[in-house]
Asker: 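Take a look at this one; I'll ask things after.
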Number of protein chains: 2
Amino acid sequence: MQAENNKIGYYLERTTRLVKLNFHQAFKNAGFNITPEQWVILDILNSQNGLSQSDLAEQSFKDAPSISRIIDTLARKSFVERKPVKNDRRKFEIFLTEDGIKTVKALTPLVNKLRNQSWQGLSKEDYTKFLKIINKIFDNMSKE
Amino acid sequence: MQAENNKIGYYLERTTRLVKLNFHQAFKNAGFNITPEQWVILDILNSQNGLSQSDLAEQSFKDAPSISRIIDTLARKSFVERKPVKNDRRKFEIFLTEDGIKTVKALTPLVNKLRNQSWQGLSKEDYTKFLKIINKIFDNMSKE
DNA sequence: TAACAATAGTTGCATATGCAAATATACACT
DNA sequence: AGTGTATATTTGCATATGCAACTATTGTTA
C-alpha cells in the first residue's frame, strides 16, 4: 500500500500518549504516585515475582538502562526490592514488597475500568483486527 | 467489550516506540541529526510556514512547553527561526530556514519509504479500519 | 482607566528512553 | 590457569513529556 498510509505514526503517537496520560491521572486521582511504565513492571511482577531485570526488559520490550532506572524508582518508593542471586552475582531478582502487592491489588480494578473505557463501542472483532494490524506494523519495523 | 482488551496499551506503546526508533535511526543513517518529534514539526511548517508555537502545539497535539523546547532545539540547529509578530508581542511565528527547507526535501522520500515499509502486507481496507479503531480509542480516552 | 482575566511563551522538576561506555561477574577455550 | 568473550547492570548525555509556576502582553469590563 502506498501514499495512503500518511499519518499512522502521528495517530499512534498521540493515542499512545493520551492512553498513558489517562492511566497516569487515574492513578494519581486514586492516590497513587505511579506512572504507567511503573505499573507495567508491577503488573508483570505480580504474575511472575522474582524476575531478573533482563527478564523484565525482555517482557516489557524495554532496554536494560530503562529497566534499571524504573526499578530504582520503584525500589525508592518501596514497591519492589532487589534480591541478590546466589549463583550469579551479576544478577538481581526483583520482588514485589507487601506494599507493592497491595498497590497492584488496589489498582487492578481501576486498570480494568480504563481498559474497558478505552475500548468502548468497539467489538471483539475490532480487537482481533486491531491486534493483527498493529503487530504487523511492529513486525514490519522489526526487520532490518 | 470486556476482559479481552488486555494489552492494548502495551501493543500501542511498544509499536509507537519502535516506529519512532526506526525513523530516528533512518534519519541518523542519512546523516541528519533529527528526532521524529522534530521531524513532525518541520513537516507541519513545510506545509504551513509561519505558524505560531500555539498553532504548532494544537496541530501536533503537544503542549506549549514541549513545543517551546522542540523549537529551541530546532532553532539551535538552524532549521527554524522565531520571528516576532508586530501586532502581538507575546507571539512568535516560526519559519523554516533555507537549511530547514533543504532538510525536509531531503528527508521526505525517506519518510515515504518508511511509511510504506511500516504498512507492508496491509491493505487500504486495513488502513481505514485501523484509523477508525485507533481514533475511537483516542475519543474514548478524551472524555472525562 | 484600573483591576482582573485570558493568552503566549518559558522554566524547573520528575520521569522515561536511546545510545554509548563503564563495571563486575561468569563462561569458554586453549 | 589465563585470555578473551559474553552477560547483567549501571551511569552519563541528549531529548521528550506532563505539570505547575512564572513572566509578559493583550483583552475585558466595571
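Chain identifiers are assigned alphabetically (A, B, ...) following the order of the sequence lines, protein sequences preceding nucleic acid strands; residue numbering begins at 1 within each chain. Note that this is a predicted model, so its numbers are computed, not measured. Hydrogens, waters and symmetry mates are skipped; everything else that's a heavy atom, side chains included, is used.
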Asker: When we call it a touch if two heavy atoms are under 4.0 Å apart, what does B/Asn87 touch: a base, just sugar-phosphate, or nothing?
Answerer: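 Since only primed, P, OP1 and OP2 atoms lie under 4.0 Å of B/Asn87, the category is sugar-phosphate.
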Asker: Does a donor on one side chain sit under 3.5 Å from an acceptor on the other, for B/Asp126 and B/Ser123?
Answerer: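 Yes - a donor-acceptor pair under 3.5 Å links their side chains.
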Asker: According to a strict under-4.0 Å criterion, is A/Lys62 in side-chain N/O contact with OP1 or OP2 of C/dT17?
Answerer: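 A/Lys62 to C/dT17 OP1/OP2: side-chain N or O found under 4.0 Å.
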Asker: Just call it for A/Asp55: base, sugar-phosphate, or nothing, with non-hydrogen atoms closer than 4.0 Å on any strand.
Answerer: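 Counting heavy atoms under 4.0 Å across all strands, no contact is made by A/Asp55.
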Asker: Look at the side chain of A/Ser68 and decide which nucleotide, out of C/dT10, D/dT15, D/dT11, has an atom nearest to it.
Answerer: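 The answer is D/dT11, which lies nearest to the side chain.
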Asker: Below 4.0 angstrom, N of the basic side chain to O of the carboxylate: do B/Glu98 and B/Lys102 qualify?
Answerer: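 No, this pair does not count.
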Asker: Measure from the side-chain heavy atoms of A/Arg76 and tell me the nearest of D/dT9, C/dT17, C/dT15.
Answerer: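 Closest nucleotide to the A/Arg76 side chain: C/dT15.
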Asker: Categorize B/Gln25 for me: base, sugar-phosphate, or nothing, with a 4.0 angstrom heavy-atom threshold over every strand shown.
Answerer: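 Result for B/Gln25 = sugar-phosphate.
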Asker: For a quick check of understanding: with a heavy-atom distance under 4.0 Å over all strands, which category does A/Asp72 fall into, base, sugar-phosphate or nothing?
Answerer: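 No contact.
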Asker: Checking all strands, does B/Ile67 fall into the base, sugar-phosphate, or nothing category for heavy-atom contacts under 4.0 angstrom?
Answerer: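 Nothing, no heavy atom under 4.0 Å.
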Asker: Need one value for A/Arg69: base, sugar-phosphate or nothing, where a base atom within 4.0 Å counts as base even if backbone is also close, heavy atoms only.
Answerer: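 Contact class for A/Arg69: base.
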Asker: If you measure from the Lys or Arg side-chain nitrogens to the Asp or Glu carboxylate oxygens, is any gap between B/Arg69 and B/Asp63 under 4.0 Å?
Answerer: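 Looking at B/Arg69 and B/Asp63, the cut-off is not met.
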Asker: So, under a plain 3.5 Å distance rule, would you say the side chain of A/Arg90 forms a donor-acceptor pair with the base of D/dT9?
Answerer: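 When only heavy-atom distances are counted, A/Arg90 does not reach the base of D/dT9 through any donor-acceptor pair under 3.5 Å.
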Asker: How are the rings of A/Phe130 and B/Phe130 set relative to one another: parallel (under 30°), tilted (30 to 60°) or perpendicular (over 60°)?
Answerer: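 Plane angle under 30°, so parallel.
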Asker: Would you indicate which nucleotide in D/dA8, D/dA20, D/dT10 comes nearest to any side-chain atom of A/Lys91?
Answerer: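 The listed nucleotide nearest to A/Lys91's side chain is D/dA8.
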Asker: Picking from C/dG9, D/dC19, D/dT15, which would you name as closest to the side chain of B/Pro65?
Answerer: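 The nucleotide sitting nearest to the side chain is D/dC19.
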